[in-house]
Protein chains: 2
Amino acid sequence: MTTPPETPPAAPVAKRPVPEATVTRLAVYLRLLGEFAENGAETVSSEELATASGVNSAKLRKDLSYLGSYGTRGVGYDVASLQHQLERVLGLDHHQSVALVGVGNLGHALAGYAGFAGRGFPVSAMFDVDPDLVGIRINGIEVGHVRDIEAVCRDRGVTIGMVATPGPAAQGVCDLLVRGGVQSILNFAPVVLQVPADVEVRKVDLAVELQVLAFHVARRHVAGGSDGAGATASARAGGTNDGDMNVGTNGSVVSPR
Amino acid sequence: MTTPPETPPAAPVAKRPVPEATVTRLAVYLRLLGEFAENGAETVSSEELATASGVNSAKLRKDLSYLGSYGTRGVGYDVASLQHQLERVLGLDHHQSVALVGVGNLGHALAGYAGFAGRGFPVSAMFDVDPDLVGIRINGIEVGHVRDIEAVCRDRGVTIGMVATPGPAAQGVCDLLVRGGVQSILNFAPVVLQVPADVEVRKVDLAVELQVLAFHVARRHVAGGSDGAGATASARAGGTNDGDMNVGTNGSVVSPR
DNA sequence: CTGTGTGAATTGCTTCACAGCT
DNA sequence: AGCTGTGAAGCAATTCACACAG
């Protein structure tokens, strides 16, 4: 019976895996840390931050443990320092440049979304095919023609693309973004985008969100009264790779004005 | 008000739990079934539908198995019949009435989102606080004042509320929706809403989506990936709009104007 | 023989509970 | 004491692989 030496050699600074589900929450913690900082807090405990985020404190601590030990036992986490670490892990210290394709109804709203520029994601390029839209300026950015996507993205070092076109056009512009060197795509069109393995896609499908909610309404009818299956007051987030969709948290929405 | 006991007739159909993650995908399958139907398909195999949905076929079969056996071994699933079953499970046979609060930048786009009305979720009420917005009509619906949320929701039997207000206003309108009898809420505001246990909340946070993508971009840098190389890229990106995959009618999202 | 339906194995995420630092 | 960091237990979801229906 040869007992394998079991030598976990080297593996010095082994990259931490950081679960997908955790990454989604890190962004939420970061936003809340900003609020704590505004209120003048120097430190937060896992309990405080967890409650504000709508998760339990053990989960929060485990999430933070993936990025190292930045808390002080018996005290809590230093707000400023933790903010800094989260920004680093989330890649917010690298400059991210965002391109938006499709400046119609939804795209126009996304272009003006205060939560993007305000949180480190200025939209630096926009595209459409409609002659009425190509050439206009939104927030100081001129809308280009879709045919220029590849060149412009390469030129400006765009790392993230947002697709807000009608479904039938989505795969085409996706291909153009990929050829322009875009590594991550946020897809609002109701299609499953085909991309090379090294490109990350996240999908936001509003109709699907409503259908999931409709399911719960229907479920409640069947269940009749109290089924007691209530989660507290948190939202669900799930999914990851492939054609999965997901919701996250954070962002300042739009002012009704 | 008191719903008659609705005597579940011995509940012969021992309802299986239907995992949360599955529900999300069922909505996706339903949309794709619509496209297959448009193309005149009578039946689909799990393999075909799975590929189109971006999941693997075993997962798809397991998902469908939660709602019973509606496939034919050796053949596949009857498209029309499966559509019907999915609609039933997702509660789309019940009439869903949707209210939208916050008709600003994003809210306005949501109001005009073709994917809602086209998929069984007509927005039947809208609200805001801005005097410039209250009273105007969007898609034939008059925007009411936030103070009337409770009464109007009750009156029109609204089951789903969408919150697209700025963060600070979100909890307040959420409370009003709940008092108006709304059972499910789709939250676009960057706050964690507090609701009673019998109300379901889903959160869509656009800034978080971008942060998750940014994480993957940063991660790739660390991994030092050999750039370039499109592995399994797919479609061609010709000069002109090549969005003519087999998307039938269904897919109109936001029309670029 | 084809393709569904499903127990069993696996993987990944969450929760628990407590050792150990301050 | 108080609170973090983390092994280990507990769940939930995904994948495997194959019996069985048409």
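Numbers restart at 1 for each chain; the letters A, B, ... are given by sequence-line order, proteins then strands. Note: hydrogens, waters and symmetry copies are ignored here, and every other heavy atom, side chains too, is used. In this text, all values refer to a predicted model and were calculated from it rather than measured experimentally.
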Value in whole Å for how far the [atom2] atom of [N] lies from [atom1] of [X]:
| X | N | atom1 | atom2 | value |
| --- | --- | --- | --- | --- |
| B/E47 | C/dT4 | CD | P | 9 Å |
| B/L67 | C/dG5 | CG | P | 10 Å |
| A/E42 | D/dC3 | CD | P | 17 Å |
| B/Y70 | D/dG22 | OH | P | 16 Å |
| A/D78 | D/dC3 | CG | C1' | 15 Å |
| B/L64 | C/dG5 | CG | C1' | 10 Å |
| A/E20 | C/dC13 | CD | C1' | 12 Å |
| B/L60 | D/dA13 | CG | C1' | 15 Å |

- Item | Note: B/R25-B/D63 ion pair, threshold 4.0 Å (strictly below) | yes
Is [X] near enough to [N] that one of its side-chain N or O atoms lies under 4.0 angstrom from OP1 or OP2?
| X | N | result |
| --- | --- | --- |
| A/S46 | D/dT4 | yes |
| B/S45 | C/dG3 | no |
| B/Y66 | D/dA13 | no |

May I ask you to check whether [X] and [Y] show a side-chain donor-acceptor distance below 3.5 Å?
| X | Y | value |
| --- | --- | --- |
| B/T159 | B/Q96 | yes |
| B/T43 | B/D78 | no |
| B/E87 | B/H94 | no |

- Task: Starting at the 5' end of nucleotides 15-22 of chain C, put B wherever the base has a protein heavy atom under 4.0 Å, S where only the sugar-phosphate does, and a dash everywhere else.
- Result: BBB-BBBS
- Item | Worked check of side chain to side chain contact (heavy atoms under 4.5 Å, CB included) between B/L33 and B/Y77 | CA-CA 10 Å; B/L33 279 173; B/Y77 300 87; over 6 Å; no
- Message: Measuring only between side-chain heavy atoms, which start at C-beta, is B/Q183 closer than 4.5 Å to B/E200?
- Response: no
- Task: Check whether any side-chain heavy atom of B/F116 lies under 4.5 Å from a side-chain heavy atom of B/M162, and answer yes or no.
- Result: yes
- Task: Check every atom of D/dA13, C/dT14, D/dG5 against the side chain of A/R25 and return the nucleotide holding the closest atom.
- Result: C/dT14
